[in-house]
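Only one structure is covered here, and it is reproduced in the block below.
FYI, side chains are in, hydrogens and waters are out, and symmetry mates aren't considered; it's all heavy atoms of this structure.
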Amino acid sequence: MSQPRRSRALVIVNTHFCSSDGDVVFGTRKGAKREAEKLSRVLSRLNYKVKLMHNKTAKEIEDLYQQECSCEHGEYFVSIISSHGEEGLIFGCDAEPVKLTRIFQILSSEKCPGLTKIPKIFFIQACRGAEFDKGVVVERDGREPEPDCFSEYLSIPPQTVVMFACSPGYVAFLNIFGSMFLQALLKVLEGEERHLALNRLMTRINWEVAFCCQARGTYEGCKQMPCFVTNLLQEVFPFSAPME
């Protein structure tokens, strides 16, 4: 009997950023490399075939997703992106932007038929603006979105979930020990919560970041609020495999 195809995971982490002239453009993202390596090991133990890529240019990032279109996939496709970013985009290590809509377009049914029915799950650790969340209790988790924010959500392919580290317009925190968001994801994947349906698992991550994390040092007391968007039509359990 043939073995079932393993689900695939693509992890992209950018830590050093230089322009085409060799000038350092953004700050070094200390802590991101080790964090991505830990997540890759956990996903491997959950029976994912993981591709971990460090410091890729904008063009190389697009190419990596193009390559996924020709791969054989199992039940799920998971991608973790850790980089500098702004609303609707992340930066390659060459400081060039990659629009998230471009990534989603590459994986659309028209461009990538093999992934049409397979749930595609993204975790994006990147800033979405320059504002700081002071942790004031309000009835919503961020400022009112810019007019084009919701259009970014509408452009995701069918069977796709995208979880962002922070709300539109806000920064996502990272220090030498890692990020609030991906550390919370790591904690959930290593614990019993990994058996939850994906929407409940992501809500658990929201709770973990909102109530158990806050910035230290220069930004003492600042908070962060992850959020996610989904167009799945059924509950999925992408991390419920026995831990190897």
Side-chain angles (χ1 to χ4, degrees), residues 1-13 35-53 61-82 90 100-125 153-165 181-206 208 226-244:
M1 181 182 295
S2 61
Q3 293 292 323
R5 296 174 181 171
R6 293 175 67 188
S7 295
R8 293 179 60 83
L10 174 60
V11 181
I12 300 172
V13 53
E35 182 176 70
E37 290 171 346
K38 287 182 179 179
L39 283 164
S40 297
R41 287 195 294 268
V42 169
L43 288 170
S44 294
R45 293 176 63 195
L46 292 171
N47 203 35
Y48 278 83
K49 186 175 182 178
V50 182
K51 180 187 286 187
L52 172 60
M53 308 302 292
I61 290 171
E62 290 190 15
D63 289 345
L64 286 169
Y65 287 102
Q66 292 279 10
Q67 292 166 19
E68 289 298 323
C69 296
S70 59
C71 294
E72 291 188 345
H73 289 268
E75 287 188 83
Y76 305 101
F77 172 69
V78 171
S79 188
I80 299 172
I81 304 173
S82 179
I90 55 97
L100 296 179
T101 50
R102 173 57 182 156
I103 294 173
F104 302 149
Q105 181 187 44
I106 291 171
L107 301 180
S108 66
S109 300
E110 295 77 17
K111 304 285 187 179
C112 188
L115 279 171
T116 299
K117 296 182 180 180
I118 295 175
K120 294 164 281 292
I121 305 160
F122 290 85
F123 297 94
I124 300 176
Q125 167 59 36
Y153 300 161
L154 292 177
S155 65
I156 67 175
Q159 291 289 89
T160 300
V161 181
V162 185
M163 188 169 197
F164 298 95
F181 175 55
L182 293 185
Q183 287 297 309
L185 172 61
L186 188 63
K187 181 177 179 180
V188 167
L189 293 186
E190 291 180 320
E192 290 304 309
E193 295 96 336
R194 70 176 184 274
H195 298 295
L196 295 172
L198 183 61
N199 62 324
R200 294 186 62 197
L201 181 147
M202 289 181 162
T203 302
R204 176 64 189 180
I205 293 172
N206 279 356
E208 185 73 28
C227 56
F228 61 90
V229 58
T230 175
N231 60 17
L232 292 180
L233 301 177
Q234 72 285 337
E235 288 191 327
V236 296
F237 301 82
F239 307 113
S240 60
M243 186 78 78
E244 294 182 356

Rounded distance (nearest 0.5 Å) linking atom [atom1] of [X] with atom [atom2] of [Y]:
{"X": "Arg41", "Y": "Leu186", "atom1": "CZ", "atom2": "CG", "value": "9.0 Å"}
{"X": "Leu107", "Y": "Arg102", "atom1": "CG", "atom2": "CZ", "value": "10.0 Å"}
{"X": "Ser44", "Y": "Leu39", "atom1": "OG", "atom2": "CG", "value": "10.5 Å"}

Flag side-chain contact, heavy atom, 4.5 Å: [X] against [Y]:
{"X": "Ile90", "Y": "Ile12", "value": "no"}
{"X": "Leu196", "Y": "Phe239", "value": "no"}
{"X": "Val161", "Y": "Pro119", "value": "no"}
{"X": "Asn199", "Y": "Thr230", "value": "no"}
{"X": "Leu46", "Y": "Met243", "value": "yes"}
{"X": "Leu52", "Y": "Val13", "value": "yes"}
{"X": "Phe228", "Y": "Asn206", "value": "yes"}

Sequence neighbours excluded and cut-off under 3.5 Å, please list the side-chain donor-acceptor pairs for residues 72-81, or say none.
from	atom 1	to	atom 2	distance (Å)
His73	NE2	Glu68	O	2.9
Tyr76	OH	Phe237	N	3.4
Ser79	OG	Leu10	O	3.0
Ser79	OG	Tyr65	OH	2.6

Would you name the heavy atoms of [X] and [Y] that are closest together and state the gap between them?
{"X": "Ile106", "Y": "Cys112", "value": "O-CB, 3.6 Å"}
{"X": "Asn231", "Y": "Pro157", "value": "ND2-O, 2.8 Å"}
{"X": "Arg194", "Y": "Ala241", "value": "NE-O, 3.9 Å"}
{"X": "Glu193", "Y": "Leu201", "value": "O-CD1, 3.7 Å"}
{"X": "Leu233", "Y": "Gln159", "value": "N-OE1, 3.8 Å"}

Donor-acceptor check, side chain of [X] to backbone of [Y], threshold 3.5 angstrom: yes or no?
{"X": "Thr160", "Y": "Pro158", "result": "yes"}
{"X": "Lys120", "Y": "Leu115", "result": "yes"}
{"X": "Arg6", "Y": "Tyr48", "result": "yes"}

Stepwise, does the side chain to side chain contact (heavy atoms under 4.5 Å, CB included) test hold for Phe181 with Phe164? CA-CA 8 Å; Phe181 175 55; Phe164 298 95; over 6 Å; no
Does the salt bridge (Lys or Arg N to Asp or Glu O under 4.0 Å) test come out yes or no for Arg204 and Glu208, once each step is laid out? CA-CA 6 Å; Arg204 176 64 189 180; Glu208 185 73 28; 3.8 Å; yes
Please test Leu198 against Met163 for side chain to side chain contact (heavy atoms under 4.5 Å, CB included), starting from the C-alpha separation and ending with a verdict. CA-CA 11 Å; Leu198 183 61; Met163 188 169 197; over 6 Å; no
Could I get the full list of side chain to side chain donor-acceptor pair (under 3.5 Å) partners for Glu37, not counting sequence neighbours?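 Glu37 satisfies side chain to side chain donor-acceptor pair (under 3.5 Å) with Lys33 only.
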Pair Phe104, Lys111 - check side chain to side chain contact (heavy atoms under 4.5 Å, CB included), show working. CA-CA 10 Å; Phe104 302 149; Lys111 304 285 187 179; over 6 Å; no
Lys51 atom NZ, neighbour heavy-atom count above 12 within 6.0 Å: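 Counting other residues, nucleotides and ligands, NZ of Lys51 exceeds 12 neighbours.
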Given the rule in the side chain to side chain contact (heavy atoms under 4.5 Å, CB included) test, do Glu35 and Gln183 qualify, once you have shown the distances and angles that lead to the verdict? CA-CA 7 Å; Glu35 182 176 70; Gln183 287 297 309; 3.1 Å; yes
